[in-house]
Amino acid sequence: MSSPPARPAEGPSRESPAEGERTSSLEAHALVRAFGPIRAVDGVSFELLPGELLTVFGPNGAGKSTLLNLLAGALQPSEGEIRMGGRLRSHGEVEWRQQVGILSHQTFLYGHLTAEENLRFYGRLFGVDQIEDRIHERLSAVEMDHRKDDLVRTFSRGMRQRLSLARALLHDPAIVLLDEPYTGLDVHAAALLRDLLSSLKDGRRTVVLVTHDLTQGLDLADRVAIQVRGRFEFFGSSVELPSGPPDAFYRSVVEGVLGGAGGAP
Ligand SMILES: Nc1ncnc2c1ncn2[C@@H]1O[C@H](COP(=O)(O)OP(=O)(O)OP(=O)(O)O)[C@@H](O)[C@H]1O
Ligand SMILES: [Mg+2]
């Protein structure tokens, strides 16, 4: 596991990074998102440094996907704030969306377009340079280049997931948000994804990964959160996890809030 990079200096300089500086620290402060009476995200705060990977675990309905959508700028927080590279982000900002790549429960793919056409569409949307080279590179990385001319509606679930991953990473985002990225992937593709995630840890990028798989989630994590009923009931460095089987710790945290109904991650 790589050691975390040094913390950036505190102070006003964090408010206004130098022009063109590519920083990707990610902060949430007292973040809340309510849907009527449900506080799907209920007072979440954390800080990630550029290069860090946070894995968020939690039971169904804990608010993990809602949190990722808030971090992506796709949902407006009810309360709290999000900062990237020290800068306060406001909902709907184009620049914010350009710096974020999200793989979510929705694929955001168009079934009536081919794999290549889908990526070209998103590449233009994000103003990607040397778009054709990038499309080729990303399709190869997920081993989908041989299906580039096929319509997405003819793809299997795992193939859509691979293409979604290529879409999420197309514009080389500084913040990468992955919601259950292993879903539907075969053993080979899961290994590909693991390598891809490992290559994303190049020190420039911040990654938030949501998964129900403790082994895959802990593999590359620098920081770990366990979200239950909207709150981070545990947040810490992966080396701070107590010794012993991680599933026992996970269950004790979840059952501490939900009682015996905590269940598997
Ligand atoms: N658009 C919405 N409208 C109303 N309620 C919502 C909406 N989105 C999420 N919720 C509610 O917010 C809570 C958290 O949902 P969320 O999808 O974030 O959970 P999750 O942790 O990602 O769960 P899972 O592990 O099943 O994917 C749930 O109670 C859900 O019903
Ligand atoms: Mg979810």
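What you see below is based on every heavy atom in this structure, not just the backbone, and it leaves out hydrogens, waters and symmetry mates. First listed ligand is number 1; within each ligand, the first listed atom is number 1. Since the model is a prediction, treat every value here as computed from it, not as a measurement.
- Under the 6.0 Å distance and 45° angle rule, R167 counts as a cation-pi partner of Y122.
- In terms of protein heavy-atom proximity, atom 15 (O) of ligand 1 is nearest to T66 OG1, 3.9 Å.
- The shortest contact between atom 26 (O) of ligand 1 and any protein heavy atom is with N60 ND2, 3.0 Å.
- Closest protein heavy atom to atom 21 (O) of ligand 1: K64 NZ, 2.7 Å.
- The nearest N, O or S atom of S65 is closer to the Mg ion (ligand 2) than 2.8 Å.
- Protein heavy atoms are found inside the 4.0 Å sphere centred on atom 9 (C) of ligand 1.
- Protein heavy atom closest to atom 27 (O) of ligand 1, with residue, atom name and distance, is H105 NE2, 3.3 Å.
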May I have the step-by-step check of salt bridge (charged side-chain N to carboxylate O under 4.0 Å, His left out) for D172 and R134, ending in yes or no? CA-CA 9 Å; D172 198 22; R134 191 68 71 82; 5.1 Å; no
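- Considering just the N/O/S atoms of H105, the one nearest the Mg ion (ligand 2) carries the name NE2.
- Under a 4.0 Å N-O distance rule, the pair R138/D145 does not qualify as a salt bridge.
- Between the side chain of D222 and the main chain of L53, a donor-acceptor pair closer than 3.5 Å is present.
- Counting heavy atoms under 4.0 Å from ligand 1, residue E180 touches it through the side chain alone.
- Taking the six-membered ring for Trp, Y250 and F234 have ring centres at least 6.0 Å apart.
- Atom 24 (P) of ligand 1 is flagged as protein-proximal [any protein heavy atom, distance under 4.0 Å].
- Nearest protein neighbour of atom 31 (O) of ligand 1, counting heavy atoms only, is I38 CD1, 4.7 Å.
- Listed by number with element, the atoms of ligand 1 under 4.0 Å from a non-hydrogen atom of H212 are 25 (O).
- Looking from atom 17 (O) of ligand 1 to the surrounding protein, the closest heavy atom is S65 CB, 3.8 Å.
- Here the heavy atom of the protein found nearest to atom 1 (N) of ligand 1 is F35 CE2, 3.6 Å.
- Relative orientation of the F121 and Y110 rings is perpendicular, given thresholds of 30° and 60° on the angle between their planes.
- Counting only non-hydrogen atoms, the option in G63, A34, G36 that gets closest to atom 19 (O) of ligand 1 is G63.
- Q98 and H171 get closest at one heavy-atom pair: O-CD2, 3.0 Å.
- A salt bridge links E81 with R83; the closest basic N to acidic carboxylate O contact falls under 4.0 Å.
- Close approach of ligand 1 to P59 is summarised as follows: ligand atoms under 4.0 Å from at least one heavy atom of the residue are 21 (O).
- The two atoms that bring G101 and P173 nearest to each other are N-CB, 3.3 Å, heavy atoms only.
- Considering backbone and side-chain N/O atoms, G58 never comes within less than 3.5 Å of an N/O atom of ligand 1.
- For ligand 1, the atoms lying closer than 4.0 Å to a non-hydrogen atom of A40 are 12 (O), 13 (C), 14 (C).
- Considering only non-hydrogen protein atoms, atom 28 (C) of ligand 1 sits nearest to G61 O, 4.0 Å.
- In this structure, CG on L119 lies 5.5 Å from CD1 on I135, to the nearest 0.5 angstrom.
- Looking at E116 and R120, a side-chain N of the basic residue comes within less than 4.0 Å of a carboxylate O on the acidic one, giving a salt bridge.
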